[in-house]
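Only heavy atoms go into these numbers, but all of them, side chains included; no hydrogens, no water, no symmetry mates. So that the names make sense, note that chain A is the first sequence line, chain B the second, and so on, each numbered from 1.
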Number of protein chains: 4
Amino acid sequence: MTKNKQEDILDAALLLFATRGFDGTTVPMIAERAKVGAGTIYRYFENKESLVNALFQKCVMELSETIKKDFPISNGDIREQFRHIFKRMFNFAKKDINGLLFVDSHSGARYLNDQSKKLFADFLDFLRILLENGKKQGMICQLPSEALISIVYGAFVRLYKVIQTGVLEETPELLKGVEECCWNAIRVH
Amino acid sequence: MTKNKQEDILDAALLLFATRGFDGTTVPMIAERAKVGAGTIYRYFENKESLVNALFQKCVMELSETIKKDFPISNGDIREQFRHIFKRMFNFAKKDINGLLFVDSHSGARYLNDQSKKLFADFLDFLRILLENGKKQGMICQLPSEALISIVYGAFVRLYKVIQTGVLEETPELLKGVEECCWNAIRVH
Amino acid sequence: MTKNKQEDILDAALLLFATRGFDGTTVPMIAERAKVGAGTIYRYFENKESLVNALFQKCVMELSETIKKDFPISNGDIREQFRHIFKRMFNFAKKDINGLLFVDSHSGARYLNDQSKKLFADFLDFLRILLENGKKQGMICQLPSEALISIVYGAFVRLYKVIQTGVLEETPELLKGVEECCWNAIRVH
Amino acid sequence: MTKNKQEDILDAALLLFATRGFDGTTVPMIAERAKVGAGTIYRYFENKESLVNALFQKCVMELSETIKKDFPISNGDIREQFRHIFKRMFNFAKKDINGLLFVDSHSGARYLNDQSKKLFADFLDFLRILLENGKKQGMICQLPSEALISIVYGAFVRLYKVIQTGVLEETPELLKGVEECCWNAIRVH
DNA sequence: CATGAATGAGACTTCATTCAT
DNA sequence: AATGAATGAAGTCTCATTCAT
């Protein structure tokens, strides 16, 4: 027996939404993978949209917490902060690659509710503030923070999409190299 | 009157697939936007999958041609080649933002046929060969080319996703800055 | 605390069946209103059809008993008998309006079993015999008893449907007037 | 081939709603009886509720027109008017017994929209005004018109319910007798 | 006994696809 | 060649019923 059905449903939905997308995933598919009856899903979630929103919020919160835990905010060394974020992102991706890809591919979706959108916006805000700080310190290049986030976040997610396909192997060297590349992308030269 | 119905259908499908995804787009939606009868779509495409594949191939070819046209291959100056690619990508994105986003969001989809996959792989190969060259010249950092492509391509597409939402404005300064960032990401320091 | 669960279930079902009909009422609805678990209903009734039949029979028997109690059968004065029936019907309607409406709206339903049908037919038979008697006495007009019953019963039930909606107020004068109308409808002139 | 599909659907729905009720009738049932695909119903009606409302309005309008056509309004002879109404009601019942029973059994239903309710209320209003007139003339007994309508309409509909079951045969004598009974019910004595 | 979580059959509805016009 | 009415398979969701607790 597994922990509980709600978790099973969320796990199954995560894998399917990440790989097939929301519209490409049917409720019976989720039920089958979660090993529950189709009707059971509706005991835990009002409808399919509720489910995707609950899942999205869960993933964003986990991602956010993963990064914020023990965040080196005090000293304000931007390089160290960047390294921290990347390390945690790697951890998150290793532990929950589907969570990462799901959040990425669904972050602008039309069926997300306001709460979901807000939660994701807050997450981006956290990153933005860091970058603003770094720009003030003269460490980060003077482009709009949204652009800088796009560059780093986009690069990171795409890398894991490729890793996921098996074309690329995730090794410590690779990750270290990528971290450096991304840092080089946004730092002042 | 517009050019011809096949074009109208492809245009309508492109916009819808780019914004709602393949599974979130219905054939009647496409027909309505293309201002043709639903049945007409089946005179030009065998089915919905045929349509998405035709469209994908069209977009990838246009993207590929956009980049390859007048490509500075002779001298082999990697920096100039990189600048060329970026410039053309910017042009492509400006002219056909939906084409860019569609290709990106559908490039690993389960309903793409072998030809579609091959065409996209060829496009990536072209980029890979350039990077391999650059690495040999000692200009590009020694990471797997797949990783480097992910970084640059991922950064680029994500930037345009954000521009598309209106959060960020596309200005010459921004584009120039981003180009530099991406170059800094992958060059040897 | 209420009397007992079976009663609670029957009460809840009566209200719901009377207002929403059998097919428009779900078992969970009944359970919620009866303040019991949905499963509990199945300890007292084999299934939803059993429940509606039990309830129908209960209501018909109560209606029948209400009328038959102290029925002035001996003297055979048809006018007095008619007055008796109407008075008791008024009482029944006042005490259990839902019982009246439920029986009326479900009396020909496809899910009633033979026992339910028989019980209701017996009730109508009782009325028919009275009318036959009255016709022999030359007091009641010479139409088929089924027609006469339809007229009086139909008029009566419809009146209470309207009262139920609040359009009409139930006053002694109204009831007396209606009784007279119904008597005038079927008596010989 | 039959006239057209929308008519076929309405006809099938009428029979089924009249005999099984709205909640006891499934859309596939209607489709089968109308000899159309289930999806076809949704080309003509937005959903099941739209269908029942369209049908209700159609039936009420037909009933209303049947009565109002050539209505002897000028002379104001209430007895003649009453006879006219009954005659037309008989005609309507003969031509479209299901229409009559459907309207009756669904006239207070929770899924009727405002337009449906209004149309039915207007129909009752027409009858009410006639009775008010008759009361002023001293021909009709002094009870609330709503009560008088209930008596006559209730009697009438119930009669046809019984005729429908086959227990009673519809003969000119019966109808004439019933008309007289109903008139006696509400006239001044 | 009583419960309510769990289920799957079946409800309503959508949509890719066909075909007569 | 073009259409859009028609279809039925399949999607989302509900609910009568069961059963472990």
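For Ile30(B) and dG4(F), the CD1 to P distance is 16 Å, given to the nearest whole Å. As rounded to whole Å, 14 Å separates atom P of dC12(E) from atom CD of Glu32(D). The CD1-P distance, from Ile41(B) to dA1(F), rounds to 16 Å in whole Å. Between the P atom of dA16(F) and the CZ atom of Phe45(C) lies a distance of 15 Å, rounded to the nearest Å.
Phe22(B) carries Lys48(B) over the face of its six-membered ring, with the cationic atom under 6.0 Å from the centre and within 45° of the normal.
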Show me the donor-acceptor pairs, under 3.5 Å and distance only, between side chains in residues 56-63 of chain D and residues at least two apart or in other chains.
{"unit_1": "Gln57(D)", "atom_1": "NE2", "unit_2": "Asn113(D)", "atom_2": "OD1", "d": "3.4"}
{"unit_1": "Gln57(D)", "atom_1": "NE2", "unit_2": "Ser116(D)", "atom_2": "OG", "d": "2.8"}

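Using a 4.5 Å cut-off on side-chain heavy atoms (C-beta onward), Leu51(D) and Ile30(D) make contact. The shortest distance between side-chain heavy atoms of Lys161(D) and Leu101(D) falls below 4.5 Å.
Taking the side-chain contact (heavy atoms from CB on, under 4.5 Å) definition, one finds that Arg43(C) meets it with nothing, sequence neighbours left out. Checked against salt bridge (Lys or Arg N to Asp or Glu O under 4.0 Å), Lys118(C) has the following partners two or more places apart in sequence or in another chain: Asp122(C). In terms of the salt bridge (Lys or Arg N to Asp or Glu O under 4.0 Å) criterion, Glu32(D) has no residue partners (sequence neighbours excluded).
Annotation: of the two residues near DNA chain E, Lys35(C) and Lys35(A), the 5′-most nearest-nucleotide partner is Lys35(C).
Secondary-structure annotation of DNA chain F gives the stems E:2-21 with F:2-21, with a stem taken as at least 3 successive Watson-Crick or G-U pairs whose two distances both fall under 3.5 Å.
At the heavy-atom level, Tyr44(A) lies under 4.0 Å from the strands shown only through sugar-phosphate atoms.
Formation of a donor-acceptor pair under 3.5 Å by the Asp104(A) side chain with backbone atoms of Leu100(A) is not found in this model.
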Q) Reading nucleotides 13-21 of chain E 5' to 3', which nucleotides get B (base under 4.0 Å from a protein heavy atom), which S (sugar-phosphate only), which -? A) BBSSBB---
